[in-house]
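Predicted model only: the values in this text are computed from it and were never measured.
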Amino acid sequence: MGIDVTKVSGEMSGPRLRAPKHRWHAFFASVCLGITCLTVGMLVHDWRQAELLDRTGIRVTGVVARIVPHAGRGGGNDRGEIVYTVAGHRHTVLKELGGKHYVSQKGQTVCLEASGERPLLTRLCGDRYPDGDDGFPGGVLTAVAATIGFFFVIGRWVIKRREALAASPPHPQARRVGIKY
């Protein structure tokens, strides 16, 4: 059994309540700012790891222990579980083996650069960044697009706010100082 709201509270009169129009500005601006901060943080992290590998990199030869197929639609590169040894310790890393580093079967050898300070930090020989060279430009474009979106939304909000203030009548108690007619 449902309750009829119109009988309890009377007829609903007047305009329907709506959320203020400026709320989408704040939401979209915060999303854009969050994406920018997250992407820039990831880029700085990759940059620092690349510099550490440049300073302390050791070339090692790894062997593909198994191929992990790409999960998902739209293709993509398979990942390979690579086993390598640094300073007498055996390590395993999962790397994307597509593009210029194409490896098709298990047992093939792969050239890696491992950090002397952190042997689990590796990159494939010839790459600049540990997660592959394709990710860095995409991250930069994402950060730039999100920053442009942030400034666009803030600028739009400021313009709308100025228009609303200009269209509203002045407050009765407001004094005009320094304006001569």
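The heavy-atom pair separating G126 from E113 by the smallest distance is N-OE2, 4.1 Å. Heavy-atom minimum distance, I35 versus A146: CG2-CB, 3.7 Å. In this structure, I154 and A29 approach most closely via the heavy-atom pair CD1-CB, 3.9 Å. Contact between D54 and R123 at its shortest, heavy atoms only, is OD1-NH2, 2.7 Å. Shown here for G149 and F28, the closest heavy-atom pair between the two residues is O-CE2, 4.3 Å. Of all heavy-atom pairs spanning V83 and A65, the tightest one is CG2-CB, 3.7 Å.
Counting only distance, with no hydrogens or angles, the side chain of T56 and the backbone of L53 share no donor-acceptor pair below 3.5 Å. A donor-acceptor pair is defined here as one N or O able to donate and one able to accept, closer than 3.5 Å; no such pair exists between the side chain of R59 and the backbone of L112.
For the residue pair T39 / T142, no side-chain donor-acceptor distance below 3.5 Å is found, with atom types taken as modelled.
The hydrophobic cluster containing L120 also contains V60, counting ILVMFWY residues as joined when their side-chain heavy atoms lie under 4.5 angstrom apart, directly or transitively. Residues L38 and L43 fall into different hydrophobic clusters, defined by Ile, Leu, Val, Met, Phe, Trp and Tyr side chains chained together at heavy-atom separations under 4.5 Å. Using a 4.5 Å cut-off between side-chain heavy atoms of Ile, Leu, Val, Met, Phe, Trp and Tyr, with links allowed through other members, V140 and V40 fall into different hydrophobic clusters. The same ILVMFWY cluster, assembled from side-chain heavy atoms under 4.5 Å apart, contains both I58 and L124. Side-chain heavy atoms closer than 4.5 Å link hydrophobic residues (I, L, V, M, F, W, Y) into clusters, and following such links, possibly through other members, connects I82 to V86.
For the pair V63/Q108, no side-chain contact is recorded, criterion being any heavy-atom separation below 4.5 Å from C-beta on. Taking the side chain as every heavy atom from C-beta outward, E81 and T92 approach each other to under 4.5 Å. Looking at V93 and Y84, their side chains come closer than 4.5 Å, going by heavy atoms from C-beta outward.
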Go through the steps for V110 and T61 under the test side-chain contact (heavy atoms from CB on, under 4.5 Å), then give the verdict. CA-CA 6 Å; V110 177; T61 301; over 6 Å; no
Test salt bridge (Lys or Arg N to Asp or Glu O under 4.0 Å) applied to R128 and D46, step by step: CA-CA 10 Å; R128 167 82 176 113; D46 278 355; over 6 Å; no
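The stretch residues 36-68 participates, sequence neighbours left out, in these ring pair (Phe, Tyr, Trp, His ring centres under 6.0 Å) pairs: W47-F136.
Separating the CG atom in D127 from the OH atom in Y129 is a distance of 11.0 Å, to the nearest 0.5 Å. Atom CZ of residue F152 and atom OG1 of residue T147 lie 15.0 Å apart, to the nearest 0.5 angstrom.
A search for salt bridge (Lys or Arg N to Asp or Glu O under 4.0 Å) contacts involving R118 returns nothing, not counting sequence neighbours.
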